[in-house]
Amino acid sequence: MPELPDLNHFASNLNKLVAGKTVEYVEVLNTSKLKVPKEALKKGLEKQQLTEVERVGKELHFKFSNGNVLGLHLMLNGKLYYFDGKSNQKYKIIELLFGDETGLVLADFQGMANATLNPEEKDAPDALSATINYKFLKETLQSRASIKNLLLDQHVIRGIGNAYADEILWDAKISPFSIANKIPDDKIKALVRSIKEVLVDAEKQIKKSHSDIIAGEIRDFLKIHNAKKKESPTGSPIYNKVVSSRKTYYTDEQELYK
DNA sequence: AGAAATGTTGCGCT
DNA sequence: AAGCGCAACATTTC
């Protein structure tokens, strides 16, 4: 699935593509994951101008001139398609039809992607927000949880997924199996840096190789969480281990604190 | 051809 | 009793 850097890139491309357009009609094709009544969603968005698209955590927020926000979560396999005239996707969930005959559709073969009107503000800070500093992480890491599980917990920090958790922990040279409250202060500082650097750098790479995309995921440049790579950039063999049914990639270069 | 991939939720176990 | 693991969701992509 797309993770934070992909979603940031999509948001910036969506701004170029559809910001300023007016939604004439909203078609809701799959209500199973819809978090508000279908009619409320239509009423809240139709005839409104889309002013801005923003990524918040792993969601995309579409902001409208009447103050309403359409929140989309792509989950594992949700994809957005821009079209002119008529969309011909399978597994459609929601479609926005603009006044100029173009449109945007969210489709997902698993039907897990979802839409909501005016998503509630969450307490957990976004991974790229200024709140993620040494003081915040020091407090947050007062836990016996493993550091990787903590980074993945959206109630703690919003936006980090499985692949980037591995990339960030390798960058900070901390083993994913480390217990959070055993990680020394200088490593917490390294972690603050790595969270920002890895995510910001990834978005740059995606932008460079796939400048116009609004769907999919680009991960061929990942250094550690990458099935095709045998060694880290510094020559250590990459191991992987299934932890709670997802793969964790790591090397011996990462210190284990227990 | 058959496995791998992936977020979230909710539940049961320790 | 906090934290972990697992199942379910369903199909595409390698």
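Lettering follows sequence order; numbering is per chain, from 1. Just the heavy atoms: all of them, side chains too, but no hydrogens, waters or symmetry mates, feed the values below.
W170(A) and L222(A) fall into different hydrophobic clusters, where Ile, Leu, Val, Met, Phe, Trp and Tyr residues are linked whenever their side-chain heavy atoms come under 4.5 Å apart, directly or through other members.
G111(A) comes within 4.0 angstrom of no nucleic acid atom, judged by non-hydrogen atoms across all strands. Heavy atoms of E3(A) sit under 4.0 angstrom from primed sugar atoms or phosphate atoms, though from no base atom. Contacts of N149(A) with the nucleic acid, taken as non-hydrogen atoms under 4.0 Å apart, involve only primed sugar atoms and P, OP1 or OP2.
Across the protein-nucleic acid pair, D153(A) atom CG and dT8(B) atom C1' stand 11 Å apart, rounded to whole Å. Going from atom NZ of K79(A) over to atom C1' of dG7(B) covers 15 Å, rounded to whole Å. Separating the CD atom of E217(A) from the C1' atom of dT6(B) is a distance of 8 Å, rounded to the nearest angstrom. At whole-Å resolution of the value, CG in D6(A) and C1' in dA5(B) are 14 Å apart.
In summary, E139(A) and K135(A) engage in a salt bridge, as defined by a charged side-chain N under 4.0 Å from a carboxylate O. With salt bridges taken as basic N to acidic carboxylate O contacts below 4.0 Å, one links K47(A) and E24(A). A salt bridge between E95(A) and K92(A) is present, with a side-chain N of the basic residue lying under 4.0 Å from a carboxylate O of the acidic one. Using a 4.0 Å cut-off between a side-chain N of Lys or Arg and a carboxylate O of Asp or Glu, K79(A) and D108(A) do not qualify as a salt bridge. No salt bridge links K43(A) with E39(A); every basic N to acidic carboxylate O contact stays at or beyond 4.0 Å.
Within the structure, a side-chain polar atom (N or O) of K58(A) is placed less than 4.0 Å from OP1 or OP2 of dT8(B). Taking side-chain N and O atoms only, R219(A) has no distance below 4.0 Å to OP1 or OP2 of dA5(B). Look at Q154(A) and you'll find a side-chain N or O under 4.0 angstrom from OP1 or OP2 of dT8(B). Listed pair Y249(A) / dA5(B) meets the phosphate criterion, a side-chain N or O lying under 4.0 Å from OP1 or OP2. Between H155(A) and dG7(B), a side-chain N or O to OP1/OP2 separation shorter than 4.0 Å is absent. Contact check, H73(A) against dT8(B): a side-chain N or O comes under 4.0 Å of OP1 or OP2. Taking only side-chain nitrogens and oxygens, K247(A) never comes nearer than 4.0 Å to OP1 or OP2 of dT6(B).
Remark: Q254(A) CD to I224(A) CD1 distance equals 6.5 Å, nearest 0.5 Å.
Nucleotides dT12(C) and dT8(B), compared at atom P, are 23 Å apart to the nearest Å. The gap from the C1' atom of dG2(B) to that of dA10(C) amounts to 16 Å, rounded to the nearest Å. Between dA4(B) and dC6(C), the two P atoms lie 15 Å apart (nearest whole Å).
No hydrogens or angles considered: nothing links the side chains of E255(A) and S175(A) as a donor-acceptor pair under 3.5 Å.
Residues satisfying the salt bridge (Lys or Arg N to Asp or Glu O under 4.0 Å) criterion with D166(A), sequence neighbours excluded, are K148(A).
Mapping R246(A) and A227(A) onto DNA chain B by nearest heavy atom places A227(A) at the nucleotide closer to the 5' end. The nearest heavy atom of DNA chain C to Q142(A) and to Q110(A) marks one nucleotide each, and the one closer to the 5' end goes with Q142(A). If you find the closest nucleotide of DNA chain C to K228(A) and to S146(A), the one lying nearer the 5' end belongs to S146(A).
Taking a heavy-atom distance under 4.0 Å as the criterion, the stretch of DNA chain C touched by chain A extends 5' to 3' from dG3(C) to dT12(C).
Ring geometry for F177(A) versus Y250(A): interplanar angle over 60°, hence perpendicular rather than tilted (30 to 60°).
Where DNA chain B pairs in unbroken runs of 3 or more (Watson-Crick or G-U, both distances under 3.5 Å), the stems are B:2-5 with C:11-14, B:7-14 with C:2-9.
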